[in-house]
Amino acid sequence: MANLEKQTDEILVLQSIFDGRFRLLNGNDQYEISIDFDLNEPFYIRCNDKTAIVRRLPPFTLIIHYHDEYPSDYPPSFVLSCFYFSKSSLQNLCQKLDNYAFVKGEVCVFDWIELIRREIANELVLDKGFGEQINDPRALNGYLADNIAHIYQYLINYNAEKEEQQFRNQLQTCLICTDMISGTDCIRLYRCGHFYCQPCLNNYVQLTFNNGHFGDQVHCPQSQCQKALLPNEIKAILQDERLYERYERITLQRALQAMEDVIWCPRCQSAVLTGGKDDTLCVCHQCHFTFCKKCKELFHFQTMCPKDYIMEQMLLKKQKEMERLQREAEEKRERIRKIQEGDLAVAATLEERALAQKAIMDKKKITEAKQRVAKQPYREIVVNLAEEDQLLETILNAERVEALNTQLCPHCHVRIEKNGGCTHMRCANCYRDFTWENGEGARDPQIASLLYQFPSASSVGSIKEDLIQQSVQHSQRVDENQPQEGERKEETKFVINNKSLIGAAIVQRVKPCPNTSCKKFNVKIGEDNWIVCTGCMKQFCFSCLQSINGAQHFQRKCDRYTPFPN
């Protein structure tokens, strides 16, 4: 067979193998082949101190030129081109093709291609310090030492693009619903590579929003995967402009709230950048309002902030209480020592003195509580008998929760219970760390409450008995000469007022919903004044009973967290 016939046959075979990657350049004696590298094993690319793993590389170009002596006497001429190989690497590859054992009369181009593929090892080092010993014109590239960073990034992007293309051209199984769907209908997360169908991710993200998680708290649904979703991924998942705008707004608001040097202007609700820790002066750049960082009121120059004064008084009160407890502990140790030494008479005297002192303190607390109740303006609530037990049970549960070994998180004011371990705590709501002894929000035993002032009021039944006695005493003061017309109708409502200690403890914790069509009584649990009505789901402020929509109300008017008594 003549050389021309063998050349033509080889071209036909190569065209059938490489299809679109084969291109004739000049008649039938010159053509170009793009050699793809679909690597079976991970391929390492190293650039300075960085390393990346890829499975696909851009094509390697081989240009073949036939002459009259191929394949009878000599192999064809060739040119190698690759932009991410250095000049010296291409020249070494040209030498290996020159050294290939050519068999006269046999075509060799396909064998050359396989040789080139085998020479691509599992590592490519992009190095600035290469030397060129020869200048082979058959090695063409655009590799420059100054461009290796761009080449490194291009190879990474090329691999990601090809993998994404392959992913979309195949059927995939959603990791949530396990349905087989096209890759084009899946959403693959960038940070972790897990993929799901759009409806499943949409339901998951909206459920996450309803649970109060936004921003970096929206993680991949895969178990144990803590990679956060990107904003553009959430936008593609939701496919709802209004819902995505709400997500962006709340995420920004929470990010600003988490910044210790950002505060909200109480007049126009704009974000204000504050100064140092001791600098309380804040100036809003929107409305030019000058206010105090601590109390949110008009800035008070050269005077102590009211909040600082209250904190100072609370610290003094706590210090006195600690001193009292230390004295009691010392007296207890003294009694134990006397008993151990056999001086029972002295021990009994100390015990009687301690009991008497405790009785005096308890009586003093009750007297002070009665004095506070007497000074309060009259207030009452009218409760349906059908709802009385449920209301009292809710109040009693709130008192029990606050009586446990709990403290408020100093950052988000969520109540946290300590059931063991060291003093280091992490809030499950805002993920902030604090020390248990120094955490704000510890229960103050001096605060009037059902459990502290009335140890016997440990059940709904005992509380109702005290309230009935109060009601009977109140009814005895009604004019006995008032005419009665037949039998009284069966009472369906019960009145609780704040003129007794137990009544005041209940009334101060209960307020009706401001919605005129609801008026359901709601119980304040803890110190949070942001109430969501259990009847109509309307939001209102427990302090002023105004309807609210978001946290701006507490940054402008009322304090969100206030302890009992108000």
Side-chain angles (χ1 to χ4, degrees), residues 6-7 10-11 13-41 43-47 54-71 73-104 106-148 150-152 154-156 158-159 162:
K6 291 184 178 181
Q7 293 174 8
E10 185 178 36
I11 289 176
V13 172
L14 293 175
Q15 281 180 327
S16 64
I17 294 175
F18 294 97
D19 194 17
R21 293 171 291 169
F22 181 94
R23 185 167 64 95
L24 289 171
L25 298 178
N26 185 15
N28 291 328
D29 61 348
Q30 187 172 345
Y31 54 86
E32 173 186 278
I33 299 177
S34 296
I35 306 172
D36 287 333
F37 299 99
D38 292 333
L39 308 172
N40 296 324
E41 297 181 357
F43 189 85
Y44 294 89
I45 305 175
R46 305 188 188 278
C47 177
V54 300
R55 290 188 177 274
R56 290 168 180 83
L57 291 172
F60 195 106
T61 303
L62 173 65
I63 300 175
I64 298 295
H65 178 71
Y66 287 154
H67 49 75
D68 296 338
E69 290 80 11
Y70 174 73
D73 299 307
Y74 301 102
S77 302
F78 66 88
V79 174
L80 293 177
S81 176
C82 181
F83 73 93
Y84 55 89
F85 265 52
S86 66
K87 185 77 169 180
S88 58
S89 299
L90 285 178
Q91 291 175 159
N92 291 333
L93 194 54
C94 290
Q95 291 179 5
K96 290 185 179 181
L97 293 182
D98 290 339
N99 296 330
Y100 176 76
F102 174 70
V103 179
K104 294 182 179 182
E106 299 293 335
V107 294
C108 64
V109 175
F110 185 79
D111 293 336
W112 281 1
I113 295 173
E114 291 300 311
L115 175 62
I116 293 173
R117 283 176 169 168
R118 289 195 300 271
E119 288 299 321
I120 303 299
N122 63 344
E123 184 178 61
L124 173 63
V125 179
L126 302 176
D127 190 6
K128 291 183 178 181
F130 58 86
E132 299 181 3
Q133 300 177 353
I134 59 176
N135 185 15
D136 193 332
R138 297 174 300 176
L140 300 178
N141 74 338
Y143 186 95
L144 297 175
D146 296 336
N147 294 336
I148 61 172
H150 299 287
I151 295 174
Y152 176 79
Y154 179 86
L155 295 177
I156 295 175
Y158 178 87
N159 178 74
K162 288 299 180 181

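All of these numbers come straight from a predicted model, not from anything done at the bench.
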Indicate yes or no: at least one non-hydrogen side-chain atom of [X] is less than 4.5 angstrom from one of [Y].
X    : Y   : value
C108 : P76 : yes
V107 : Y70 : yes
I35  : P59 : no
Y158 : V54 : no
N159 : R55 : yes
L90  : K87 : no
L97  : N99 : no
L140 : L80 : no

[atom1]/[X] to [atom2]/[Y] distance, rounded to the nearest 0.5 angstrom?
X    : Y    : atom1 : atom2 : result
L24  : I64  : CG    : CD1   : 12.5 Å
D136 : S88  : CG    : OG    : 12.0 Å
S77  : H65  : OG    : NE2   : 6.0 Å
S86  : I148 : OG    : CD1   : 11.0 Å
C82  : L62  : SG    : CG    : 12.0 Å
E10  : Q15  : CD    : CD    : 11.5 Å

Ring centroids only, cut at 6.0 angstrom: are Y154 and Y84 within range, meaning strictly under it? no
Single hit among W112, F110, F18, F60 for side chain to side chain contact (heavy atoms under 4.5 Å, CB included) with I33: F18
Kindly determine whether F78 and I63 satisfy side chain to side chain contact (heavy atoms under 4.5 Å, CB included), including the steps that lead there. CA-CA 5 Å; F78 66 88; I63 300 175; over 6 Å; no
Can you tell me if Y100 has over 12 outside heavy atoms packed within less than 6.0 Å of its OH? yes
D68 atom CG: more than 12 heavy-atom contacts under 6.0 Å: no
Minimum heavy-atom separation for K96 to L115, with atom names? O-CD2, 4.0 Å
Do Y66 and Y31 have a side chain donor and acceptor closer than 3.5 Å? yes
I'd like to know if R138 pairs up with D98 as an ion pair, taking the criterion as any Lys NZ or Arg NE/NH1/NH2 lying under 4.0 Å from an Asp or Glu carboxylate oxygen. yes
Taking T61's backbone N and O only, do any of them form a donor-acceptor pair with E32's side chain (distance below 3.5 Å, no angle check)? no
Within the side chain of H67, is there an N or O that forms a donor-acceptor pair under 3.5 Å with the backbone of D29? no
